[in-house]
Amino acid sequence: VLAIWHQLTKTEIPELAKCSVLMRERSRVEETIHAMQRAGVGNLQVISDFDMTLTRFAHNGKRVPTTHNILDNRLLINEDCTKKIRALLNTYYPIEIDPSRSAEEKLPLMVEWWTKVHELLIEQRIRKDMLAQAVKESSAMLRDGYKVFFDHLAEQQIPLLIFSAGVGDVLEEVIQQNHVFHPNVHIISNYMDFDQTGVLRAFKGQLIHTFNKREGALSHAAGLTELQGRPNVLLLGDSLGDLTMADGVSEHENILTIGFLNDQVEERKESYINSFDIVLVKDETMDVPNAVLRHIT
Ligand code: TMP
Ligand code: MG
């Protein structure tokens, strides 16, 4: 089934015919794209995860840092803290992506991971005025084609909701330094709470981790007026937990989900194909989302 593609898709969106693009039901994808195109840009919103979705997974064989990992810089944290945060990553990341465990099983463990890391960061008394420099010194990198993606959405006044379990302050700095923090961008993430002297003392609000985005969607995204009255959603993510990011969209009509399968490809392929409409295997670019957007808008 996966090998079958229609002439229509080949000519209209040639990017969908690449062998790194997997689809459970190509005809459903085509129908959804056509329905979104007919409804027009005024009915569309884009909801995207950040780490490993808008940012690259790897570059030249080296992992690209997530917003949490960007904080691993001597300007912000000491060596002992680095070691502890890396040990936690080595323990919990394999659990996060383990296809043999259910989301319910992972949930308490993710809370444990995030809570421990945030406590360690708070102990380090991170200074707000050092964040920009840490991002500059990091190897943070958005996916190839990111500029076309962000600029196109801004030009068409299509709201882009970035929904991240990473660190919001770092995320903002990354998109700012890449000159794509446009007025149509809205962010739901874990934000740092600094005291009057600019020292980290807590994280604000309800913790967001990879498997509780549904709650964040219902409590935050549902309240964003800019997103209201836009029943068509293009959703981008790299984790199965990202699929719940659109749960706050009331009376949605068409949802097209695109999943980046970056890691543990063979082990997770089946579950990704069953869960996302379009699966992109080891694709470090925004080519497919950009092609779909170009077609819809
Ligand atoms: P996302 O929702 O923007 O993808 O951000 C969550 C990712 O951050 C998730 O895949 C795990 C990753 N992460 C780290 O890399 N280091 C950490 O210390 C924590 C808590 C999460
Ligand atoms: Mg992610």
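Numbers here are sequence positions counted from 1. Atoms within a ligand are numbered from 1 in the order they appear, just like the ligands themselves.
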Asks: Do Ile122 and Phe203 have side chains that get closer than 4.5 Å, going by heavy atoms?
Replies: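 They are in contact (side-chain heavy atoms under 4.5 Å apart), so the answer is yes.
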Asks: Tell me the contacting part of Trp113 for ligand 1: side chain, backbone, both, or neither, using a 4.0 Å heavy-atom threshold, strictly below.
Replies: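 Under 4.0 Å from ligand 1, Trp113 contributes side-chain atoms alone.
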Asks: Got a donor-acceptor contact below 3.5 angstrom from the Arg56 side chain to the Ala58 backbone?
Replies: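 Answer holds: yes.
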Asks: What protein heavy atom sits nearest atom 1 (P) of ligand 1, and how far off is it?
Replies: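 The closest heavy atom on the protein side is Asp49 OD1, 2.9 Å.
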Asks: Give yes if a backbone or side-chain nitrogen or oxygen of Ala165 is under 3.5 Å from a nitrogen or oxygen of ligand 1, and no if not.
Replies: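 Such a contact does occur with ligand 1.
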Asks: Going by distance only, is there an N or O of Asp242 that falls short of 3.5 Å from an N or O of ligand 1?
Replies: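 No, there is no polar N/O contact under 3.5 Å.
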Asks: Out of Leu142, Leu236, Asp144, Thr53, which one pairs with Met286 under the side-chain contact (heavy atoms from CB on, under 4.5 Å) rule?
Replies: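 Per the side-chain contact (heavy atoms from CB on, under 4.5 Å) rule, the option paired with Met286 is Leu236, out of Leu142, Leu236, Asp144, Thr53.
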Asks: Phe150 vs His182 aromatic rings, parallel, tilted or perpendicular, using cut-offs 30° and 60°?
Replies: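 The rings of Phe150 and His182 stand perpendicular, inter-plane angle above 60°.
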Asks: Out of all atoms in ligand 1, which are within 4.0 Å of some heavy atom of Asn69? Include the element for each.
Replies: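 Those atoms are 15 (O), 16 (N).
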Asks: Has Asp242 got an N/O/S atom less than 2.8 Å from the Mg ion (ligand 2)?
Replies: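 Looking at Asp242, which is the residue asked about, there is no N, O or S atom under 2.8 Å from the Mg ion (ligand 2).
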Asks: Output the list of atoms in ligand 1 that are nearer than 4.0 Å to some heavy atom of Phe50, sorted by atom number.
Replies: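 Every atom of ligand 1 under 4.0 Å from some heavy atom of Phe50: 3 (O).
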Asks: Report the nearest protein non-hydrogen atom to atom 5 (O) of ligand 1: residue, atom name, distance rounded to 0.1 Å.
Replies: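 Ranked first by proximity to atom 5 (O) of ligand 1 is Asp51 OD2, 3.0 Å.
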Asks: Do me a favour and list the nearest non-hydrogen protein atom to atom 3 (O) of ligand 1 with residue, atom name and distance?
Replies: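 Heavy-atom neighbour on the protein nearest atom 3 (O) of ligand 1: Ser164 OG, 2.7 Å.
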Asks: Between Val135 and Met141, is there a shared hydrophobic cluster once you connect ILVMFWY residues whose side-chain heavy atoms come closer than 4.5 Å?
Replies: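 No, Val135 does not connect to Met141 through the hydrophobic network.
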Asks: Under a 4.0 Å threshold between the charged nitrogen and the carboxylate oxygen, would Asp195 count as salt-bridged to Arg201?
Replies: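 Between Asp195 and Arg201 there is no salt bridge, as every charged N stays at least 4.0 Å from the carboxylate O atoms.
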Asks: Do Leu218 and Ile162 land in one hydrophobic cluster if side-chain heavy atoms of ILVMFWY residues count as linked below 4.5 Å?
Replies: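 Cluster IDs for Leu218 and Ile162 differ.
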Asks: Within a distance under 4.0 Å of any heavy atom of Val117, pick out the atoms of ligand 1 and give their elements.
Replies: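 Answer, ordered by atom number: 18 (O).
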Asks: Is there a path of hydrophobic side-chain contacts, each under 4.5 Å between heavy atoms of I/L/V/M/F/W/Y residues, joining Val148 to Leu280?
Replies: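 Leu280 and Val148: separate clusters.
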Asks: Looking only at protein heavy atoms, identify the closest one to atom 14 (C) of ligand 1 and say how far it is in Å.
Replies: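 For atom 14 (C) of ligand 1, the nearest protein heavy atom comes out as Thr66 OG1, 3.4 Å.
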Asks: Closest by any non-hydrogen atom to atom 21 (C) of ligand 1: pick that one out of His118, Lys213, His68.
Replies: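 Minimum heavy-atom distance to atom 21 (C) of ligand 1 goes to His68.
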Asks: What's the atom name of the N, O or S in Asp238 nearest to the Mg ion (ligand 2)?
Replies: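 Result: OD1.
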Asks: Can you figure out which of Met52, Glu96, Arg63 has its heavy atom closest to atom 10 (O) of ligand 1?
Replies: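 Going through Met52, Glu96, Arg63 one by one, Glu96 has the nearest heavy atom to atom 10 (O) of ligand 1.
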Asks: Report the atom name of the nearest N/O/S atom of Asp49 relative to the Mg ion (ligand 2).
Replies: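 Nearest N/O/S atom of Asp49: OD2.
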Asks: I need the Arg143 CZ to Thr55 OG1 distance, nearest 0.5 Å.
Replies: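 Going from CZ on Arg143 over to OG1 on Thr55, the span is 7.0 Å.
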Asks: For Phe276, is the NZ or CZ atom of Arg28 found under 6.0 angstrom from the centre of its six-membered ring and inside 45 degrees of the ring axis?
Replies: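 Checked: cation-pi criterion not met.
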Asks: In Asp51, which N, O or S atom comes closest to the Mg ion (ligand 2)?
Replies: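 Going through the N, O and S atoms of Asp51 one by one, O ends up nearest to the Mg ion (ligand 2).
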